[in-house]
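Throughout, numbering of the chain's residues begins at 1 and tracks the sequence.
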Amino acid sequence: MSDVVERASNTRVASNLRSIPGVPAASSAVNVTGLLLVGLSCILAGVLGFVSYAPYGFDVAIGIAVGAAAVVAMSLTLILAARPRLLEPAFGGLDRMYRVHKWLGISALVLMILHDQFEPDFERTVRETGLGDFASDAGEFAFNALLALIAISWFRRLPFVRLEIPYQLWRFSHRFMGVLFAIVVFHQFFVDLPTGVDPSLSVLLNGFGIAGLIAWVHTEFIAPHLRRRAFTVSRVSRQGEITALTLTPKGRAMRWRPGQFAFVRAPEAGLSEPHPFTIASAARPDGTLTLYIRALGGWTRRLPDALRAGMSVQVEGPYGRFNFRKGGTRQIWLAGGIGITPFLAWAESLAETERREIHLIYCVRTPEDAIGLETLQAAVGRNPRFSYEVVATAHDGRLTGDHVIGSVRFPVGEAELWFCGPKGLKDGVLKDLKTRGQTPRRVRFEHFEFA
């Protein structure tokens, strides 16, 4: 996860949700629910806009339709950015919600461009007012500014060149988006429009506009004080590019399920931007949690030298729906690099009574890169139905479908594959398994990158 995608393990903003970690996939039906919610909302606004203004000509109706859909899309991006937990199940996890958030922003960009191309002209059909003229000019300003900010967000890494927009600028572009959206809402409320038009579209857009602004205000000014819990750094250690943190709650402990992730910020260490990371430990009675953070961006590279035992950090969470206990009786866990973190939490949570047959394949470049082996070995000691192996690709070569088939004690075609790591690893292994007629019954994974 580039800083903002460093999660999890640095996973999921992904690999840390933006420097964020990764989260699992829920059933396709649940994922479709979230897509339908946002898709139908935008379509409804577009259709209502076209029908309401069709009497004024095709170009006008198209301009209003795409403009209305753009307002709804922008509002939904702000609502999803607030990370509403009630909506998370509809998308199958926060990682998928963030991906929809990203594509809503891109869609809003395209729709705004189209709205500008088909800009409605009501000069001959409305009585212009000073406030309406001002609202029109404000809308033009917001349009150009939003184009720039959305472009910054979209092209986090500039194509064809090894140049990455600084994270601080990237984050500012997100935080300032709500201010510009407020101008768009002002434009929607007060721009001069013909009289006698069905007010349904205005009611719909005003509702979404207010909802988007409330979500932005909540995200920027309210949620940071309600959601964050205070922790103390009790231990910091390094293993190559990996930093291991042990955090102890100062007050009421946070409750999480193995496989979930949280956002972490450390203002005392000069690391005030929140970054998401998978919690690499199961829930413990004292609330202590462990994070493994790989140096993938500026924030995570500064962390080992900036953070010391005794410092205070703030944790927000937990998030995510990556839960192997919702799976079948035979499971293959496949981890790539820092993607091992959710599996470490799962392994620590395994009890003697666990009846599932589980085999973990942990891919690293060299044996020295492997982390958390003591946790995995302890799980093997507790439960004979759990096994694991470490594949060092620098010595053993790329992981192949043949290797997976040969290392698992049960037929791969009868098992579920749970994955967290680079997309190329997943795609390569699944392609090999399909060629050999051993496609897993089901594949569940976390998007290693949210953004």
Locate the shortest heavy-atom distance separating [X] from [Y]; write the atom from each residue and the value.
{"X": "L289", "Y": "S281", "result": "CA-OG, 3.5 Å"}
{"X": "T375", "Y": "L344", "result": "CG2-O, 3.6 Å"}
{"X": "L373", "Y": "Y388", "result": "O-OH, 4.1 Å"}

So, [X] versus [Y]: side-chain donor-acceptor pair below 3.5 Å or not?
{"X": "H359", "Y": "Q331", "answer": "no"}
{"X": "E357", "Y": "T329", "answer": "no"}
{"X": "D432", "Y": "T435", "answer": "no"}

- [ ] Start with the C-alpha gap between T288 and D286, add the side-chain angles, then the distance that decides, and say whether side chain to side chain donor-acceptor pair (under 3.5 Å) holds.
- [x] CA-CA 6 Å; T288 297; D286 63 356; 2.9 Å; yes

Would you please indicate if the ring centroids of [X] and [Y] are separated by under 6.0 Å?
{"X": "W299", "Y": "F277", "value": "yes"}
{"X": "W333", "Y": "F386", "value": "yes"}
{"X": "W418", "Y": "F343", "value": "no"}

Open item on the list: Quick check against the 3.5 Å criterion: does S234 have a side-chain atom that pairs as donor or acceptor with the backbone of T246?
Closed with: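 Checking the backbone N and O of T246 against the side chain of S234, a donor-acceptor pair under 3.5 Å is found.
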
Task: V38 and W103, any side-chain heavy atoms less than 4.5 Å apart - done: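 W103 does not reach V38 side chain to side chain.
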
Task: More than 12 heavy atoms of other groups within 6.0 Å of K434 NZ - done: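 No, because the 6.0 Å sphere around NZ of K434 holds 12 heavy atoms or fewer from other groups.
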
Task: Greater than 12 external heavy atoms within 6.0 Å of R308's CZ - done: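 No.
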
Open item on the list: I need the single residue from R227, R229, R265 that forms a side-chain hydrogen bond (donor to acceptor under 3.5 Å, both in side chains) with Q314. Which is it?
Closed with: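 The option that passes is R265.
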
